[in-house]
Amino acid sequence: MKRKPGGNSGNVSKINLLLSTNSEYNWYPVYTNPRAEKKAAELLLQKGIEVYLPLHRQLKQWSDRKKWVEEPLIKSYLFVYISVQQQMEVLTTRGISRFIYFSGKIASMPQRQIEQLKLLLASEVDLELVDRKFEKGEQVKIIAGPLMGLKGELVNFHSQKRMILRLDHTGQAVLVQIPAVFLEPLI
């Protein structure tokens with residue numbers, strides 16, 4: 001069988017393109033086992049993998065004392081800066097559960113989003129992460145704080161940190177600002 005001169009050059013360039021793509025580094029969100037974020041990050045660093053675990057200071061209250069502690073901003077998540085070849089090394093690290101997938105592919109994050117997250121945490125603003133998005137007009141119940149048990153309608157929200165409720169408990173419209181974590185939707 002005769003080969004054309006340069007007949008494989010198309011295949012070689014495809015292989016080179018594939019290899020160059022695979023050796024690029026990207027940020028990937030990784031899901032950890034519950035309460036294993038710090039230990040998993042430490043083990044990844046020991047393997048020489050760049051890790052970003054966003055932490056924020058939080059005042060914790062125990063029955064006998066209060067203490068400032070650094071807690072993960074996003075529970076059970078951390079971010080790794082790796083090439084595709086290092087994905088298995090990350091997955092075999094104790095405390096790591098899985099990569100996050102989007103549309104059937106392992107999700108990556110742009111560098112600027114990681115930088116923005118770092119900048120946000122460096123600014124030391126009061127942050128609070130809420131798993132649920134509330135909508136205007138939604139009926140909610142206050143589940144914590146001094147107004148616990150009252151029900152109302154979500155009138156407006158400036159952020160997930162501060163929402164304005166119209167409380168119907170009194171039969172009059174009373175607007176109250178309340179953190180989103182103090183609310184749950186009425187079913």
Side-chain angles (χ1 to χ4, degrees), residues 25-135 138 140-149 157-163 177-187:
Y25 283 72
N26 288 306
W27 283 102
Y28 296 95
V30 179
Y31 192 72
T32 68
N33 295 338
R35 304 189 54 79
E37 304 93 345
K38 290 180 182 178
K39 187 63 178 172
E42 182 182 313
L43 292 171
L44 287 167
L45 285 171
Q46 288 174 6
K47 289 183 173 185
I49 294 173
E50 187 174 346
V51 177
Y52 177 55
L53 174 58
L55 298 171
H56 73 287
R57 283 177 36 108
Q58 188 174 2
L59 185 62
K60 291 280 189 169
Q61 168 99 30
W62 286 272
S63 60
D64 60 338
R65 68 188 185 287
K66 290 182 181 181
K67 183 178 178 183
W68 285 99
V69 294
E70 284 197 325
E71 291 284 322
L73 177 65
I74 308 169
K75 302 284 186 219
S76 297
Y77 281 88
L78 55 82
F79 305 93
V80 293
Y81 189 67
I82 60 169
S83 66
V84 173
Q85 292 88 354
Q86 293 174 297
Q87 289 175 354
M88 190 53 70
E89 191 173 350
V90 170
L91 282 176
T92 58
T93 303
R94 193 174 30 155
I96 301 295
S97 177
R98 61 184 164 82
F99 281 95
I100 307 304
Y101 283 81
F102 181 74
S103 297
K105 296 180 184 175
I106 293 178
S108 66
M109 294 182 64
Q111 174 77 28
R112 71 175 162 69
Q113 285 185 346
I114 296 294
E115 289 169 5
Q116 289 170 346
L117 188 55
K118 288 178 180 180
L119 186 62
L120 181 66
L121 287 171
S123 68
E124 296 186 20
V125 294
D126 190 20
L127 297 175
E128 185 175 315
L129 204 61
V130 179
D131 293 342
R132 186 180 191 291
K133 185 174 180 177
F134 291 92
E135 301 291 332
E138 189 171 1
V140 294
K141 178 180 178 181
I142 301 174
I143 58 170
L147 301 175
M148 190 167 96
F157 56 93
H158 302 289
S159 68
Q160 289 294 323
K161 179 75 175 161
R162 294 284 173 224
M163 301 187 170
Q177 282 197 15
I178 193 159
V181 295
F182 285 11
L183 303 176
E184 77 176 13
L186 286 177
I187 298 173

To the nearest 0.5 Å, what is the distance between [atom1] on [X] and [atom2] on [Y]?
| X | Y | atom1 | atom2 | answer |
| --- | --- | --- | --- | --- |
| Phe99 | Lys105 | CZ | NZ | 16.0 Å |
| Tyr81 | Gln111 | OH | CD | 5.5 Å |
| Tyr25 | Gln85 | OH | CD | 8.0 Å |
| Asn26 | Gln86 | CG | CD | 11.0 Å |
| Ile82 | Ile49 | CD1 | CD1 | 6.5 Å |
| Phe102 | Met109 | CZ | CE | 12.5 Å |

Least distance between heavy atoms, [X] atom then [Y] atom:
| X | Y | answer |
| --- | --- | --- |
| Leu78 | Ala41 | CD2-N, 3.9 Å |
| Ser108 | Pro29 | CA-CD, 4.4 Å |
| Lys60 | Val69 | CG-CG2, 3.3 Å |
| Arg94 | Leu43 | O-CD1, 3.6 Å |
| Leu91 | Ser97 | CD2-O, 4.3 Å |
| Pro34 | Ser76 | CA-OG, 3.8 Å |

* Give the C-alpha distance, both sets of side-chain angles, the deciding distance and a yes or no for side chain to side chain contact (heavy atoms under 4.5 Å, CB included) between Leu117 and Leu73. => CA-CA 10 Å; Leu117 188 55; Leu73 177 65; 3.9 Å; yes
* Could you pull out all residues at least two apart from Glu89 that satisfy salt bridge (charged side-chain N to carboxylate O under 4.0 Å, His left out)? =>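 Applying salt bridge (charged side-chain N to carboxylate O under 4.0 Å, His left out) to Glu89 gives none.
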* Asked: Considering only heavy atoms from C-beta outward, does the side chain of Leu55 approach that of Pro72 to under 4.5 Å?
  -> yes
* Could you walk me through whether Ile96 and Leu44 pass the side chain to side chain contact (heavy atoms under 4.5 Å, CB included) check? -> CA-CA 9 Å; Ile96 301 295; Leu44 287 167; 4.0 Å; yes
* Asked: Would Val51 and Phe79 count as a side chain to side chain contact (heavy atoms under 4.5 Å, CB included) if you check the C-alpha gap in whole Å, the side-chain angles of each, and the deciding distance to 0.1 Å?
  -> CA-CA 6 Å; Val51 177; Phe79 305 93; over 6 Å; no
* Under the side chain to side chain contact (heavy atoms under 4.5 Å, CB included) criterion, do Tyr28 and Val84 qualify, and how do the steps go? -> CA-CA 10 Å; Tyr28 296 95; Val84 173; 4.1 Å; yes
* Would you say the ring centroid of Tyr31 lies under 6.0 angstrom from that of Tyr77? ->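 Close enough - the centres of the two rings lie under 6.0 Å apart.
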* **Donor-acceptor pair, side chain of Glu70 and main chain of His56, under 3.5 angstrom** =>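 Pair absent, no side-chain N/O of Glu70 close to backbone of His56.
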* Asked: Is a salt bridge present between Lys39 and Glu42, judged by a nitrogen-to-oxygen distance below 4.0 Å?
  -> yes
